[in-house]
Each structure stands twice: as structure tokens, then as C-alpha cells.
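The block underneath contains the structure these notes are about, expressed in C-alpha cells.
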Amino acid sequence: MTGDAGDMLSWDESVFRDESVFEIDHVPETFRHRESQLESLKYALRPAVRGSRPLNTVVRGPPGTGKTTAVQKLFGELGTRTDVRTVRVNCQVDSTRYAVFSRLFEGIFDYEPPSSGISFKKLFGQITDRLVEEDDVLVVALDDVNYLFYENEASDTLYSLLRAHEAHSGAKIGVIVVSSDLGLDVIDDLDTRVQSVFRPEEVYFPVYGASEIYDILSERAKRGFHDGVIGDGELERVADLTADSGDLRVGIDLLRRAGLNAEMRASKTIATGDVESAYDKSKHVHLSRSLRGLTESERDLVRVLAEHDGRRAGEVYEAFHDETDLGYTRYSEIINKLDQLGVIDAEYADVEGRGRSRELSLAYDAQAVVDRLE
């Protein structure tokens, strides 16, 4: 351990002024470099403030580009300044139509619906009845809507939301659809019955530029750390690593972990070594988030894949079936979902005498995946 006693933390000191600033779901007081996107969203939501149905909107962009923060920021403003009701649904957690509407019910009535014994029709009716009774406008954000597509629930969910005013005259519901899957074409992948009524505005969130990343992380560091904890050189290194990943969440997590590393050394300042060692974990923020939303059988398949990396789909299925007793149909559904999530790569290859078969490999280092399944 190096440094003078004055550079060392005492047991009751911390490098953090406010550690919550480095939480991934923290909504910052200042939200920079997304002014045009915020204006586009405000334009779409403005009719709701006047008591009319807002324009439906599709928000697209790579992970860690500010989409969720923008929605939370605007929903916060609407909640404090207007009578518009807003509910953000995390579709990674609530990935069925019934689960989405249960979350809407909770947002409107401030308590959860019964866990059993209530049909979707009744749940839907109670939500629209209350909206009409109160003459309220409801804006629903389907965050990470790609998970509804992975479970084949997107079309039914959107159809119910978009047709609410026909099912119950006077119900006013607008939808913001948020997707981080750039391979997903939200409109084209919906049923034609939904496409006919879904004519959304589109708002795109590009990857942040290097100077924008530094600016945002500098603001977070200023609010989250005590003065002098992180120097310009260390902050620039964090920004460079974040730019390489293209995901701002990597940088936010990296600042927090670097601070914790400094505290572990009982140091009042973050060193470059604290940043470098923290990056091994922070660079996998997206992987950790993807794995966290998987069911037990989906996690079982990821474990099997880690042991059979690069093998053909048939071989992997045999091992998966031996472990879970699940059939090929469910196995194939999970493979498709993991492929869409970017957890695995499923490439078709010609097999002599057997036609085409998929070769399955993890998109990340196998040990990194296994470590995050624990």
C-alpha cells in the first residue's frame, strides 16, 4: 500500500458523495445531448396535455443511448405538471400481454390485481372503465419491447392498447414503444391487423460521440464523487473505454466500480489501475442485464451452451434434454430468443449428407457467461 496517511480513507469515510448517481436506472438532473430527441417526444405527447390521445411513438437506438432516461424524464414532468397518467413497463420483466396490463392496472389503481381468478377481458375492462370515469389520458411506455417480440406477445399487446378506444368509447391511451434491438423492425414484425392501426412517430437515439460521453460522465463524477476523487486522466480513460463499448451504461458502472476499488485500497483517489481492473466486469453490463431476465430453463440452456460451445444444434439439444427433459420445440424457441438477444450466435452450416444445421456458439467468453449465471 502506498501513499501518505493523509491520502488514506479512515474507516467511516467514502469516496462517494452520492453513490446512487452511478445506478444504471438513475435519472440525472441534467440530461445532455438528447435535446432533439426530447423535443420530438414532447411533440408526440403534447396532445395528451390537452386531454386528447397522444401520437404513438417508436423509440429506437443501441443499448445505453439514453432512451429509457428520456422516457423517465418526460414521464416525471408529466406526472408533476399535468393530470396525464403515465406507466412505464419493463418488458424484460413483464413479457406477456397479461403481465403488461397487470402493470397498467397497478399504475392506475396503486395496487396489484389479484394474482389469479381474473380474466384478461375483466382486467382490461377495469382499466378502461377507470380511464373513462376519471376522463384521464394514459401514456404507456413499453420499454425493451423487443422482449414482447421474443415471446410472440407484441402484436396482441399492441392491438389491445391501440384498439382500447374502440372497445370502450372514451378511453384515451397512447403508446411509446422502446427498442434496443436494431435487428428488429418493429412495424414489419407486427401482425397486419396491428400495422393497419399503428402509424407511429419515430425517434432515433444514436450512439454518443466521444466528447459527449466525456461530458456526461464528467457530470456524473462531479455529482457522485467528492471533489478530487477522480482526475482528468482517469476520467478520460473511463470515457475512452466507454466509447469503445458504445454503451454509456458501461462508463457509469465503471465509475462506480473504480470508486469501490479505490475504497478497497483505502485510497481517497481513483488510480488508473482501479479503472483497468474494474473494466473486466463493467464491460459485461449488457450481458449481465440480458441474463438477469432469463427464465430458469433459458439459463439452463445457456449453461449447456457454455459446455458445448461451437457444437451443432442437435448435439446441444441432446445435452439440454438430458438436463431439463424439455422438448425440441421449446428448445428451438429458446435458441431463437438467445440469438435475438445477442447472447449466442446461431449460424447455419452445410453438413455432408444431412443438409443444413445450425452451429451454436456463445457471443461472449464462456467463463464470463458462467460467472454471471451464478
Side-chain angles (χ1 to χ4, degrees), residues 27-61 66-91 94 97 100-111 123-145 148 154-155 157-179 186-187 190 193-205:
V27 180
E29 290 181 33
T30 55
F31 186 47
R32 300 180 176 181
H33 308 298
R34 287 296 180 249
E35 289 80 9
S36 65
Q37 287 83 0
L38 283 172
E39 284 305 313
S40 296
L41 285 169
K42 286 179 180 177
Y43 168 79
L45 293 175
R46 193 161 282 122
V49 179
R50 299 192 293 264
S52 301
R53 274 192 300 145
L55 303 176
N56 298 313
T57 310
V58 170
V59 174
R60 295 176 63 249
K67 302 180 299 297
T68 297
T69 302
V71 169
Q72 290 175 310
K73 199 80 174 167
L74 289 181
F75 275 16
E77 288 183 18
L78 285 173
T80 56
R81 300 181 187 178
T82 73
D83 294 328
V84 177
R85 287 184 175 270
T86 59
V87 180
R88 173 181 161 263
V89 181
N90 179 356
C91 297
D94 298 303
R97 180 177 68 164
V100 168
F101 275 81
S102 294
R103 196 63 60 225
L104 299 185
F105 182 99
E106 183 182 359
I108 289 171
F109 290 94
D110 294 323
Y111 61 88
L123 186 70
F124 183 34
Q126 289 181 343
I127 291 169
T128 53
D129 281 349
R130 174 58 67 92
L131 291 176
V132 173
E133 181 184 314
E134 302 285 339
D135 194 26
D136 283 338
V137 180
L138 172 65
V139 182
V140 180
L142 299 177
D143 204 356
D144 277 330
V145 74
L148 290 182
S155 290
T157 303
L158 277 168
Y159 190 77
S160 295
L161 288 168
L162 297 169
R163 293 285 192 182
H165 64 286
E166 295 180 4
H168 197 140
S169 180
K172 292 173 282 192
I173 300 177
V175 182
I176 299 174
V177 169
V178 184
S179 174
V186 172
I187 306 300
L190 290 168
R193 66 196 170 111
V194 186
Q195 291 178 4
S196 65
V197 293
F198 193 38
R199 295 284 185 270
E201 302 289 306
E202 294 202 23
V203 183
Y204 185 73
F205 284 65

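Numbering starts at 1 and runs along the sequence shown. Any value given below was found using the heavy atoms of this structure, including those in side chains, with hydrogens, waters and symmetry copies removed.
Not one N or O on the side chain of Ser169 forms a donor-acceptor pair closer than 3.5 Å with the backbone of His165. Judged by distance alone, the side chain of Lys67 and the main-chain N or O of Gly61 form a donor-acceptor pair under 3.5 Å. Under the 3.5 Å distance criterion, the side-chain polar atoms of Lys73 are matched with a main-chain donor or acceptor of Glu29. The closest donor-acceptor contact from the side chain of Glu202 to the backbone of Val59 lies at 3.5 Å or more, if one exists at all. Remark: side-chain polar atoms of Asp94 are not paired, donor with acceptor, to backbone N or O of Val100 under 3.5 angstrom. Side-chain N or O atoms of Thr128 include one that pairs as donor or acceptor with a backbone N or O of Gly125 at under 3.5 Å.
Proximity of Leu158 to Val177: side-chain heavy atoms (C-beta onward) are separated by under 4.5 Å at one or more points. Phe124 places none of its side-chain heavy atoms less than 4.5 Å from the side chain of His168. In this structure, the side chains of Val87 and Val89 come closer than 4.5 Å at one or more pairs of heavy atoms. Counting only heavy atoms from C-beta outward, the side chains of Val71 and Val178 approach each other to under 4.5 Å. Leu142 has its side chain within reach of Val140: a pair of non-hydrogen atoms, C-beta onward, lies under 4.5 Å apart. Here the side chains of Val194 and Ser155 are in contact, with some heavy-atom distance below 4.5 Å. Within the 4.5 Å cutoff, the side chain of Leu74 has heavy atoms near those of the Glu77 side chain. Looking at Asn56 and Ile176, their side chains never come closer than 4.5 Å, going by heavy atoms from C-beta outward.
Rounding to the nearest 0.5 Å gives a distance of 12.5 Å between CZ of Arg60 and CZ of Phe205. The structure places OG of Ser102 at 7.5 Å from CD1 of Ile127, a figure rounded to the nearest 0.5 Å. Atom CD1 in Ile108 sits 11.0 Å away from atom CD in Glu106 (nearest 0.5 Å).
The two residues Ala48 and Val137 have their closest heavy-atom pair at CB-CG1, 3.8 Å. Taking both residues in full, the closest heavy atoms of Arg85 and Gly107 are given as NH1-O, 3.9 Å, listed atom of the first, atom of the second, then distance. Of all heavy-atom pairs spanning Glu35 and Phe31, the tightest one is OE2-O, 4.4 Å. The two residues Val132 and Gly170 have their closest heavy-atom pair at CG2-C, 3.6 Å. Here the closest non-hydrogen pair linking Leu190 and Val186 is CG-O, 3.1 Å. Of all heavy-atom pairs between Ala171 and Ala164, the closest is CB-O, 4.0 Å.
A salt bridge links Asp135 to Lys172: one of the charged nitrogens lies within less than 4.0 Å of a carboxylate oxygen.
Remark: Phe105 pairs with Phe109, Tyr111 by the ring pair (Phe, Tyr, Trp, His ring centres under 6.0 Å) rule, at least two apart or across chains.
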Item to check | Residue pair Leu104, Leu161: steps toward the side chain to side chain contact (heavy atoms under 4.5 Å, CB included) verdict | outcome: CA-CA 11 Å; Leu104 299 185; Leu161 288 168; 3.8 Å; yes
Item to check | Derivation and outcome, side chain to side chain contact (heavy atoms under 4.5 Å, CB included), residues Val58 and Phe198 | outcome: CA-CA 10 Å; Val58 170; Phe198 193 38; 3.9 Å; yes
Next on the checklist: Working note: Arg88 + Thr68, criterion side chain to side chain contact (heavy atoms under 4.5 Å, CB included); need CA distance, chi angles, decisive distance, verdict.
Outcome noted: CA-CA 9 Å; Arg88 173 181 161 263; Thr68 297; 3.5 Å; yes
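Atom OH of Tyr204 sits in a crowded spot, with more than 12 heavy atoms from other residues, nucleotides or ligands closer than 6.0 Å. Around the CG atom of Asp83, the shell of radius 6.0 Å holds no more than 12 heavy atoms that belong to other residues, nucleotides or ligands.
Looking only at atom types and distance, the side chain of Arg97 has a donor-acceptor partner in the side chain of Ser160 under 3.5 Å away.
Relative to the six-membered ring of Tyr159, Arg193 meets both conditions, a distance below 6.0 Å and an angle of at most 45° to the axis.
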